[in-house]
Amino acid sequence: VLTGDLNIDHFSLKTGSLVKSMSEFNLKYLFTGSTTDYGSALNHIYTNFSDTLIESWRTLESYFSYHKPLYIALK
């Protein structure tokens with residue numbers, strides 16, 4: 001699992017090279033929605049775990065930042 005604030009908006013055209021690079025390491029991007037209060041997806045989770053090993057993932061609310069923390073639970 002690779003996660004963090006990469007400051008690259010997943011909705012941006014620039015993200016294509018990042019996703020391609022991650023896929024070369026068999027890592028897939030989990031989130032499809034916004035991870036900030038402003039509608040961007042700057043926080044990322046990539047994993048090579050199969051869907052059967054991932055129980056859930058989601059964003060949480062933060063009172064101190066416009067970035068939303070990410071959560072992943074494995075079985």
Side-chain angles (χ1 to χ4, degrees):
V1 175
L2 174 68
T3 184
D5 176 1
L6 301 183
N7 280 332
I8 299 172
D9 188 357
H10 186 73
F11 300 135
S12 164
L13 295 176
K14 298 176 188 176
T15 308
S17 60
L18 176 63
V19 172
K20 182 179 177 185
S21 296
M22 294 298 177
S23 68
E24 291 175 7
F25 292 101
N26 198 31
L27 295 169
K28 64 181 178 180
Y29 181 74
L30 288 184
F31 282 84
T32 57
S34 169
T35 63
T36 70
D37 291 341
Y38 300 112
S40 59
L42 301 177
N43 306 319
H44 299 232
I45 290 183
Y46 293 90
T47 182
N48 62 356
F49 288 119
S50 69
D51 292 341
T52 58
L53 293 176
I54 300 171
E55 187 161 325
S56 64
W57 71 86
R58 65 186 175 108
T59 59
L60 303 171
E61 288 301 320
S62 172
Y63 298 101
F64 304 105
S65 174
Y66 70 94
H67 288 254
K68 298 180 182 199
L70 304 181
Y71 170 88
I72 182 171
L74 304 174
K75 293 180 182 176

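Numbers here are sequence positions counted from 1.
Placement of Ile72 and Leu27 within a single hydrophobic cluster is found when ILVMFWY residues are connected by side-chain heavy-atom separations under 4.5 Å, directly or transitively. In terms of hydrophobic clustering, with Ile, Leu, Val, Met, Phe, Trp and Tyr side chains grouped at heavy-atom distances under 4.5 Å, Tyr38 and Leu6 are assigned to different clusters. Leu60 and Ile45 are members of different hydrophobic clusters when ILVMFWY side chains are connected at heavy-atom separations under 4.5 Å.
When atom types are taken as modelled, the side chain of Thr59 and the backbone of Leu70 share no donor-acceptor pair closer than 3.5 angstrom. A donor-acceptor contact shorter than 3.5 Å is absent between the side chain of Thr47 and the backbone of Val1.
Of all the heavy atoms in Asp9 and Ser40, the pair that sits closest is OD2-CB, 3.5 Å. For the pair Phe11 and Ala41, the tightest heavy-atom approach, listed with the atom from each and the gap, is CE1-CB, 3.9 Å. The two residues His67 and Leu42 make their nearest non-hydrogen contact at CE1-CD1, 3.5 Å.
The aromatic rings of Tyr29 and His10 sit parallel, their planes meeting at an angle under 30°, below the 60° perpendicular limit.
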Criterion side-chain contact (heavy atoms from CB on, under 4.5 Å) on His44 and Val19, from CA distance to verdict:
CA-CA 11 Å; His44 299 232; Val19 172; over 6 Å; no

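Listed by chain and residue number, Lys68 satisfy the salt bridge (charged side-chain N to carboxylate O under 4.0 Å, His left out) test with Glu61 (two or more places apart in sequence, or in another chain). Every residue two or more places apart in sequence or in another chain was checked for a ring-ring contact (aromatic ring centres under 6.0 Å, His included) with Tyr71, and none qualifies. Every residue was checked against the ring-ring contact (aromatic ring centres under 6.0 Å, His included) condition with Phe64, not counting sequence neighbours, and none meets it.
Note that OG of Ser62 is 10.0 Å distant from CG of Asn43, once rounded to the nearest 0.5 Å. Here Asp51 contributes atom CG and Lys75 contributes atom NZ; the two are 9.5 Å apart, rounded to the nearest 0.5 Å. From Ser23, atom OG reaches atom CG of Asn48 across 12.5 Å, with rounding to the nearest 0.5 Å. Between the CZ atom in Phe49 and the CG atom in Asn26 there is a gap of 11.5 Å [rounded to 0.5 Å].
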